[in-house]
There are 2 protein chains.
Amino acid sequence: MTTARRSDATRAAILEAARERFASDGYERATIRAIARDAGIDPSMVMRYYGSKEGLFAAASDFELHLPELGALPSRHIGAVLVTHFLDRWERDDVLTGLLRVGVTNAAGVERMQAVFAEQLGPVTRGVCPDPAEAPRRAALVASQILGMALTRYVLRFPPTVEMSRDEIVAWLGPTIQRYLTAPEP
Amino acid sequence: MTTARRSDATRAAILEAARERFASDGYERATIRAIARDAGIDPSMVMRYYGSKEGLFAAASDFELHLPELGALPSRHIGAVLVTHFLDRWERDDVLTGLLRVGVTNAAGVERMQAVFAEQLGPVTRGVCPDPAEAPRRAALVASQILGMALTRYVLRFPPTVEMSRDEIVAWLGPTIQRYLTAPEP
DNA sequence: ACCGTTGGTCAACGCTTGTTGGCAAATATA
DNA sequence: TATATTTGCCAACAAGCGTTGACCAACGGT
């Protein structure tokens, strides 16, 4: 078993600062120097604890969507529940916005983004769509609408999208997600 | 009237190289030196003709969506026509992918992206949705689904999304766009 | 009280970046 | 032909980057 190290607080501070910087600035402009300054330590510590900038990003972009179990609730509410959950998730934790930013410029970000959605959204959809073999495709359609909303609302900040209330977004996007998951093939 | 300058060819070569680099690498990693090398000239020429890297980006990101007139065709086909058009546009011209890349990291990119969709998608929707006052909101919903598909298919390259045929995408997304544009408020 | 291990700072490295000014050749103007 | 303007290359700048290694202070076990 591993005992607690004295440097755990520093490691955590670096990680938190990194998440914020990656989220707000993207991969290239989130410099190790700035992250270290935010964490209140020397840039060389980042190298010692995470090896390189890529290693730091790998550690900082490891996260969970915490998707709810969809099998337990009435299938006609799945769409609304999912949209609500994603809006919650996105507004509570800006790592997601950061991953979106980084995923667009950086190869490692692309891989992480692919993995997160394949591993976490894929299984959840498998239980609720008509043919399990179609699950990945339907999950991808769901991802396209969810990520599109996240992109226009939290990154590009299109004014009409920002002004919409969460209830309005759920009312509009819920049926879309519902159809992508449960409707027969068009 | 302005007479043709001898350097017009160079200016155009710079602009074309810039578009490609911004598209494939994003703002930060698209260096002026690389753009100049692609264009076959010296980096200092880029500065002379476009003032700065930001000026170059402003010039390179000026483009048109070439949206079709929607009023002329049967209103029940609007969704499918729009999706088809956007897929066409995105696959023919990678400046759009580039703008998506840059818009996520760079403030100027965000502004340009906002302007393009507000000025070009907004007016087109005004003629086809029930209440013209709702046009911006409905256009934003359309943008969220269209950009989400572009993001997952052309930037993040989610495998299931990449493997889908254009017809499949139109069949799935068409009704979504159709509903966002023409359905009564949910 | 000693000594190895750990946590941390400091200064510097090699490199790349956007940007600038000087200078040679080509072209236009007279 | 003589002169002014445009077009381009070259070399360099200051700044910022990720990264490294030397060095000091604090701790833990014995």
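Protein chains get the first letters and strands the later ones, always in sequence-line order, with residue 1 at the start of each. None of these values were measured; they are calculated from a predicted model. Every heavy atom of this structure was used, including side-chain atoms; hydrogens, water molecules and symmetry mates were not.
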- Any Lys/Arg nitrogen of A:Arg166 or A:Asp88 sitting under 4.0 Å from an Asp/Glu carboxylate oxygen of the other? yes

- Item | Intermediate values then yes/no, side chain to side chain contact (heavy atoms under 4.5 Å, CB included), B:Ile35 and B:Leu56 | CA-CA 10 Å; B:Ile35 291 169; B:Leu56 174 62; 3.9 Å; yes

- Task: Considering only heavy atoms of chain B and a distance under 4.0 Å, specify the first and last nucleotide of DNA chain C in 5' to 3' order that meet this criterion.
- Result: C:dT17 to C:dT27

- Message: Testing A:Leu67, A:Leu173, A:Thr125 one by one against A:Leu82 for a side-chain contact (heavy atoms from CB on, under 4.5 Å), which residue passes?
- Response: A:Leu67

- Take atom CD of B:Glu91 as the centre, draw a 6.0 Å sphere, and report whether it contains more than 12 heavy atoms from other residues, nucleotides or ligands. yes

- Hey, does the side chain of A:Tyr50 reach the backbone of A:Arg11 with a donor-acceptor pair shorter than 3.5 angstrom? yes

- Message: Would B:Met149 and B:Phe86 count as a side chain to side chain contact (heavy atoms under 4.5 Å, CB included) here? Give the steps.
- Response: CA-CA 10 Å; B:Met149 174 53 69; B:Phe86 272 108; over 6 Å; no

Between the protein and nucleotides 2-9 of chain D, are there any N/O to N/O pairs under 3.5 Å, and if so, what are the atom names and distances?
unit_1	atom_1	unit_2	atom_2	d
D:dT7	OP1	B:Arg6	N	3.4
D:dT7	OP1	B:Ser7	N	3.2
D:dT7	OP1	B:Ser7	OG	3.1
D:dG8	OP1	B:Thr10	OG1	2.8
D:dG8	OP2	B:Thr10	OG1	3.3
D:dG8	OP2	B:Tyr49	OH	3.1
D:dG8	N7	B:Arg48	NH2	2.3
D:dG8	O6	B:Arg48	NH2	3.1
D:dC9	OP2	B:Asp42	N	2.8
D:dC9	N4	B:Ser44	OG	3.4

- Message: On the side chain of A:Arg33, is there an atom forming a donor-acceptor pair with the base of D:dG16 - under 3.5 Å, no angle test?
- Response: no

- Could you tell me whether A:Glu16 atom CD has more than 12 heavy atoms of other residues or ligands within 6.0 Å of it? no

- Distance, rounded to the nearest Å, where A:Arg29 contributes CZ and D:dC17 contributes P: 11 Å

- Query: Is the closest side-chain donor-acceptor distance between B:Asp42 and B:Ser44 under 3.5 Å?
  - Reply: yes

- Query: What is the distance from CZ of A:Arg37 to C1' of D:dG16, rounded to the nearest Å?
  - Reply: 11 Å

